[in-house]
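To keep things clear, I will list the structure first and then write my remarks on it.
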Amino acid sequence: VYVYLNGREVGYSEDSKTSAEFAVSDFLVPGVNTLVLKIYRWSTGSYLECQDFWRMSGIERDVYLWCQPREAALKDFTVVSTLDDTYTEGLFSLRAVLKNTSASGSEAVLRGTLTGPDGAVVWSDVRNVPLDAGSTSEVLFENRIPDVQPWSAEHPDLYRLTMTVYADGKAVETVPYHVGFRKFEIKPSGELSPEGRPYVLFYVNGQPVKLKGVNTHEHNPMTGHYVTEELIRRDLELMKQNNINTVRLAHYPQGRRFY
């Protein structure tokens, strides 16, 4: 796909299933702007996407415009949320990268807040983040959450993380994110095989889980490779009704609604 804005080429992307972001600020004009996508039936990436399904061309992901403040904004973040060895205390870390795309420096502040399934605040912290012009800066938050409500397939309890960026004392950006505390392990069990070797099992939050899975493809007879949220939900409901607990994404990341 080629992307054009107001008759000028913005960029090119060759992967139909992953996100492609284009910086368009320098291509915008006051008033009405014209965005054009030029889709090719074949490309040098066509062989890589030959993954046992019907070949179709077109737009397979959502297209949208979004903006961030120049003086201070969230560029990226990584959340690690697991459990201690007793499976009762949550181990939480947030690594965030802030950016300044303006021509002058700024003094940013990042506040992180974590609220539980009941809406109560279980953690909150603030970091001052000086940002030079055109620079990025990384900050790290770490904390332990006592008596955490773990996430599992049977009880999918989620916490809500809210990241707020301040510049010149004003909130300029807020990013929410769902967080689940769970621990995955592959380790020997107490059971032995007939040969005397311990069975190695997969555990979620200390409980052994047997994986029973299926493959999934993004395909619909009416909409091609674009799958609606209603169909995604229906597929997952059928899987749960048939005791399926694992999905193999054959062979590409799904749209964001799937997750």
Side-chain angles (χ1 to χ4, degrees), residues 1-70 73-79 95-99 101 134 136 173 175-178 180 184 211-242 244-259:
V1 57
Y2 281 93
V3 179
Y4 299 87
L5 189 59
N6 298 321
R8 299 169 60 193
E9 182 180 332
V10 176
Y12 171 79
S13 177
E14 203 165 76
D15 195 329
S16 62
K17 297 295 188 180
T18 58
S19 299
E21 294 185 358
F22 302 93
V24 299
S25 297
D26 295 336
F27 299 86
L28 295 171
V29 297
V32 177
N33 291 264
T34 302
L35 177 66
V36 174
L37 304 182
K38 185 164 63 176
I39 310 296
Y40 279 81
R41 172 65 168 157
W42 305 106
S43 74
T44 57
S46 297
Y47 176 80
L48 299 176
E49 293 197 351
C50 178
Q51 296 162 350
D52 304 326
F53 66 160
W54 289 14
R55 290 172 177 257
M56 298 179 182
S57 59
I59 300 173
E60 301 182 7
R61 292 288 184 260
D62 292 340
V63 179
Y64 55 91
L65 297 172
W66 64 296
C67 64
Q68 290 182 292
R70 287 183 175 272
L74 194 65
K75 180 180 180 181
D76 198 5
F77 67 92
T78 302
V79 173
R95 188 180 302 273
V97 179
L98 271 65
K99 64 180 179 179
T101 57
T136 62
E173 184 179 42
V175 178
Y177 190 71
H178 282 127
F184 301 143
L211 300 181
K212 290 163 284 188
V214 294
N215 294 331
T216 185
H217 255 314
E218 287 185 320
H219 188 87
N220 182 275
M222 303 301 296
T223 59
H225 288 171
Y226 177 76
V227 180
T228 64
E229 183 174 348
E230 291 75 19
L231 184 57
I232 293 173
R233 289 183 177 273
R234 179 56 180 155
D235 285 346
L236 293 175
E237 289 170 357
L238 287 172
M239 293 176 196
K240 294 294 288 185
Q241 290 169 5
N242 288 275
I244 299 299
N245 63 6
T246 308
V247 182
R248 176 175 177 258
L249 308 182
H251 309 269
Y252 41 82
Q254 304 288 292
R256 59 186 178 86
R257 289 186 179 89
F258 182 91
Y259 303 97

Contact summary for Ser25 and Arg70, nearest pair of heavy atoms: CB-NH2, 3.7 Å
query: When you measure from the side chain of Asn245 to the backbone N and O of Lys212, does any donor-acceptor pair fall under 3.5 Å?
result: yes
Enclosure of Leu65 CG (heavy-atom neighbours >12, cutoff 6.0 Å): no
field: Gln68: partners by side-chain hydrogen bond (donor to acceptor under 3.5 Å, both in side chains), with sequence neighbours left out
entry: Lys99, Glu173
query: For the residue pair Ser43 and Tyr12, what are the closest heavy atoms and their distance?
result: CB-OH, 4.0 Å
message: Would you compute the distance between atom CZ of Arg8 and atom OG1 of Thr34 and round it to the nearest 0.5 angstrom?
response: 13.5 Å
field: Evaluation steps, side-chain contact (heavy atoms from CB on, under 4.5 Å), between Tyr177 and Val175
entry: CA-CA 7 Å; Tyr177 190 71; Val175 178; 5.6 Å; no
query: Roughly how far, to the nearest 0.5 Å, is CG of Leu211 from CZ of Arg248?
result: 14.0 Å
query: Hey, what do you get for CG (Asp15) to NZ (Lys17), rounding to the nearest 0.5 Å?
result: 9.5 Å
message: Determine whether a donor-acceptor pair (N or O, by modelled atom type, separation under 3.5 Å) exists between the side chain of Asn33 and the backbone of Gly31.
response: yes
- prompt: To the nearest 0.5 Å, how far apart are CG in Asn220 and OG1 in Thr228?
  reply: 6.5 Å
- prompt: Counting only N and O atoms by type, is there a donor-acceptor contact under 3.5 Å from the side chain of Tyr252 to the main-chain atoms of Thr18?
  reply: no
message: Rounded to the nearest 0.5 Å, what separates atom CG in Leu231 from atom CG in Leu236?
response: 9.5 Å
message: Tell me whether Gln241 at atom CD has more than 12 heavy atoms from other residues, nucleotides or ligands lying less than 6.0 Å away.
response: yes
- prompt: Above 12 or not: heavy atoms from other molecules or residues under 6.0 Å from CH2 of Trp54?
  reply: no
message: Can you tell me if Tyr226 has over 12 outside heavy atoms packed within less than 6.0 Å of its OH?
response: yes
- request: Check the pair Arg233, Glu229 against salt bridge (Lys or Arg N to Asp or Glu O under 4.0 Å), reporting the backbone distance first and the verdict last.
  value: CA-CA 6 Å; Arg233 289 183 177 273; Glu229 183 174 348; 3.3 Å; yes
- prompt: Stepwise, does the side-chain contact (heavy atoms from CB on, under 4.5 Å) test hold for Leu74 with Leu98?
  reply: CA-CA 5 Å; Leu74 194 65; Leu98 271 65; 3.8 Å; yes
Distance, nearest 0.5 Å, that separates CG of Asp235 from OG1 of Thr216: 6.0 Å
- prompt: Does Tyr2 have its ring centroid less than 6.0 Å away from the ring centroid of Tyr40?
  reply: yes
- request: Run the numbers on Tyr259 and Leu249 for side-chain contact (heavy atoms from CB on, under 4.5 Å), then give the verdict.
  value: CA-CA 11 Å; Tyr259 303 97; Leu249 308 182; 3.3 Å; yes
message: So which atom in Tyr4 and which in Lys38 form the shortest heavy-atom distance, rounded to 0.1 Å?
response: OH-NZ, 3.1 Å
message: Between Arg61 and Glu218, does the salt bridge (Lys or Arg N to Asp or Glu O under 4.0 Å) criterion hold? Intermediate values first, please.
response: CA-CA 11 Å; Arg61 292 288 184 260; Glu218 287 185 320; 3.0 Å; yes
- prompt: For Phe27, does its backbone N or O pair with a side-chain atom of Asn6 as donor and acceptor, under 3.5 Å?
  reply: yes
Heavy-atom closest contact (Val10 atom, Ala23 atom, distance): CG1-O, 4.0 Å
message: side-chain contact (heavy atoms from CB on, under 4.5 Å), that's the test. Do Ile244 and Leu238 meet it? Break it down for me.
response: CA-CA 9 Å; Ile244 299 299; Leu238 287 172; over 6 Å; no
query: Does a side-chain heavy-atom distance below 4.5 Å link Arg256 with Asp62?
result: yes
